[in-house]
Number of protein chains: 2
Amino acid sequence: MNGDDQMLALDNQICFALYALNRAVTARYRPVLAELGLTYPQYLVMLALWEHGPGGEAARVSDIGARLRLDSGTLTPLLKRLEERGLLTRRRQASDERVVRLSLTEAGWRLREQAREVPMQLVCGLDVAPERLVTLRQELRSLLEVLERSGPSD
Amino acid sequence: MNGDDQMLALDNQICFALYALNRAVTARYRPVLAELGLTYPQYLVMLALWEHGPGGEAARVSDIGARLRLDSGTLTPLLKRLEERGLLTRRRQASDERVVRLSLTEAGWRLREQAREVPMQLVCGLDVAPERLVTLRQELRSLLEVLERSGPSD
DNA sequence: CAAAATTATATTGTGCACAATATAAAATCA
DNA sequence: TGATTTTATATTGTGCACAATATAATTTTG
């Protein structure tokens, strides 16, 4: 009799599955990253900076923002915290004072050596076939692409 | 020469794919839910309350917490906001004053009628085969279960 | 029954996300 | 060139998440 829309059942919402799993995964990372003194978003920023590499120009805030889909409202305070911990420096670019360039310090690069263990540590404590994770990752990335293509405008 | 661990590449992190897609999906919900005057977490709480139903005992804060994997630190202020908007009432249970019972108001139930359109609206504006989403949802839920089984203790 | 332990919710404090706005510098245009 | 527009980052304010702790009520124990 009641309007028992199965459409609104929590377990039928892909958004909830995504939300719950994302938080569960983040929770798994938390103690591991705590050993590095990083939060999860800070870890992602470090991954982006490590990936940007030491050669070429230092990354701009907006480079990291584009990579992680984060704006300056999120990144500025986060980067200041990483700077305070001595992992990177933030310097205005002389030729264009609007731009802030991010350079990893020695400590920032050293941290990468510790971080190398993180992915394996996570996957190992998981009892899931690795190829299952690869498949899932591909599917997640594929859907993200769909959303981002049609997203900004539509 | 450089320590080019592909393990640390951002695009190889399943955690990043999950993080990015979750935020992209949430962003899709945002304008739709704004019409209902709800944030995304508030929507999930309402889904849980609607699902709990009008019969039987009113939901406890911890019931919703168990369903959504959220603690009182998150739920208490969120529920107060929903109460201020007149969608629910919070009442201490007489027989056990520790417990707070959550009852949807008329407005809370009426909102469900509007919310009925939300899932279809989201899926339709997505150009992805529905069965692909069903498969993904199952996989996400399956992995969540794995994490929660081994998680709390290990 | 009284003391201790447990339970349910609330509070406090930190760190994201994100919208909206501000600031300042550079690029474009009239 | 001077005014306008655009661009890059920063700031402000709100609302989660989550850890740690507080509070108060119930249950368990000695």
Side-chain angles (χ1 to χ4, degrees), chain A residues 15-16 19-31 33-34 37-46 57-66 68-85 90-102 151-152, chain B residues 15-16 19-31 33-34 37-46 57-66 68-85 90-102 151-152:
Chain A
C15 69
F16 176 59
Y19 167 85
L21 184 60
N22 181 51
R23 287 197 301 125
V25 167
T26 305
R28 283 288 181 130
Y29 273 86
R30 198 167 297 121
L33 295 180
L38 294 176
T39 66
Y40 184 72
Q42 286 167 9
Y43 174 65
L44 296 180
V45 167
M46 292 303 291
E57 286 193 299
R60 301 180 308 166
V61 172
S62 55
D63 293 332
I64 303 305
L68 302 181
R69 284 82 169 169
L70 292 172
D71 64 13
S72 69
T74 301
L75 286 175
T76 297
L78 189 156
L79 290 167
K80 283 183 179 176
R81 278 173 217 119
L82 294 180
E83 186 180 35
E84 278 169 25
R85 293 192 194 193
R90 297 158 62 244
R91 260 202 321 282
R92 291 276 167 187
Q93 176 178 313
S95 68
D96 184 344
E97 289 278 345
R98 290 173 302 183
V99 175
V100 170
R101 293 281 176 181
L102 307 168
Chain B
C15 70
F16 176 59
Y19 167 85
L21 183 61
N22 181 51
R23 287 197 302 126
V25 167
T26 305
R28 283 289 181 129
Y29 273 86
R30 199 168 296 121
L33 296 180
L38 294 176
T39 65
Y40 183 73
Q42 286 168 9
Y43 173 65
L44 295 179
V45 167
M46 292 303 291
E57 286 193 299
R60 301 179 309 166
V61 171
S62 55
D63 293 333
I64 303 305
L68 302 182
R69 285 82 170 172
L70 292 171
D71 64 13
S72 69
T74 301
L75 286 175
T76 297
L78 190 157
L79 291 167
K80 283 183 179 175
R81 277 173 218 121
L82 294 180
E83 186 180 35
E84 278 169 25
R85 292 190 194 194
R90 297 158 61 243
R91 261 203 320 282
R92 291 277 167 186
Q93 176 179 314
S95 67
D96 184 344
E97 291 277 348
R98 290 173 303 182
V99 175
V100 170
R101 294 282 176 179
L102 306 169

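Order of the sequence lines sets the chain letters (A, B, ...), proteins ahead of strands, with each chain counted from 1.
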Problem set entry | Footprint string (nucleotides 18-29 of chain C, 5' to 3'): B base within contact, S backbone only, - free, heavy atoms under 4.0 Å | BS-----BS---
Problem set entry | N or O in side chain of A:Tyr19 less than 4.0 angstrom from D:dC16 OP1/OP2 | no
Seminar exercise, completed: Value for CG (B:Leu33) from SG (A:Cys15), rounded to nearest 0.5 Å, stands at 8.5 Å
Exercise. Whole-Å distance between D:dG15 P and B:Glu84 CD?
Worked result: 9 Å
Exercise. Does B:Gln42 put a side-chain nitrogen or oxygen below 4.0 Å from OP1 or OP2 of D:dC16?
Worked result: yes
Problem set entry | Rounded distance in Å - CG (A:Leu68) to P (C:dG15) | 19 Å
Exercise. Given atom CG of A:Leu75 and atom C1' of D:dT12, what is their separation to the nearest angstrom?
Worked result: 17 Å
For this session: Rounded off to whole Å, could you give me the OH-to-P distance for the B:Tyr43 and D:dC16 pair?
Result: 16 Å
Problem set entry | Residues forming a side chain to side chain donor-acceptor pair (under 3.5 Å) with B:Gln93, sequence neighbours excluded | B:Ser95, B:Arg101
Problem set entry | Contact under 4.0 Å: A:Ser62 side-chain N or O vs D:dT9 OP1/OP2 | yes
Exercise. Is the backbone of A:Val25 close enough, under 3.5 Å, to the side chain of A:Asn22 for a donor and an acceptor to pair up by distance?
Worked result: no
For this session: Can you figure out which of C:dT9, D:dA8, D:dC16 approaches the side chain of B:Arg60 most closely?
Result: C:dT9
Seminar exercise, completed: Sorted by position of nearest nucleotide on DNA chain C, 5' first, the leading residue of B:Val99 and A:Leu78 is B:Val99
For this session: Using heavy atoms to find the nearest nucleotide of DNA chain C for B:Lys80 and A:Thr39 separately, return the residue whose nucleotide is more 5′.
Result: B:Lys80
Exercise. Whole-Å distance between D:dC16 P and B:Tyr29 OH?
Worked result: 17 Å
Problem set entry | Distance in Å, A:Leu70 CG paired with A:Ser62 OG, rounded so as to fall on 0.5 Å steps | 12.5 Å
Problem set entry | Spacing of B:Leu79 atom CG relative to D:dG15 atom P, expressed in whole Å | 14 Å
Exercise. Quick one: do A:Arg92 and A:Glu97 make a salt bridge, cutoff under 4.0 Å?
Worked result: no
For this session: On the 0 to 90° scale, with breaks at 30° and 60°, tag the B:Tyr29-B:Tyr43 ring pair as parallel, tilted or perpendicular.
Result: tilted
For this session: Report the distance from atom CZ of B:Phe16 to atom C1' of C:dA17, rounded to the nearest whole Å.
Result: 14 Å
Exercise. Counting only side-chain N and O atoms of A:Arg90, is one of them less than 4.0 Å from OP1 or OP2 of D:dT9?
Worked result: no
For this session: Report the distance from atom CG of A:Leu44 to atom P of C:dG15, rounded to the nearest whole Å.
Result: 17 Å
For this session: Not counting sequence neighbours, which residues clear salt bridge (Lys or Arg N to Asp or Glu O under 4.0 Å) with A:Arg98? List them please.
Result: A:Asp96
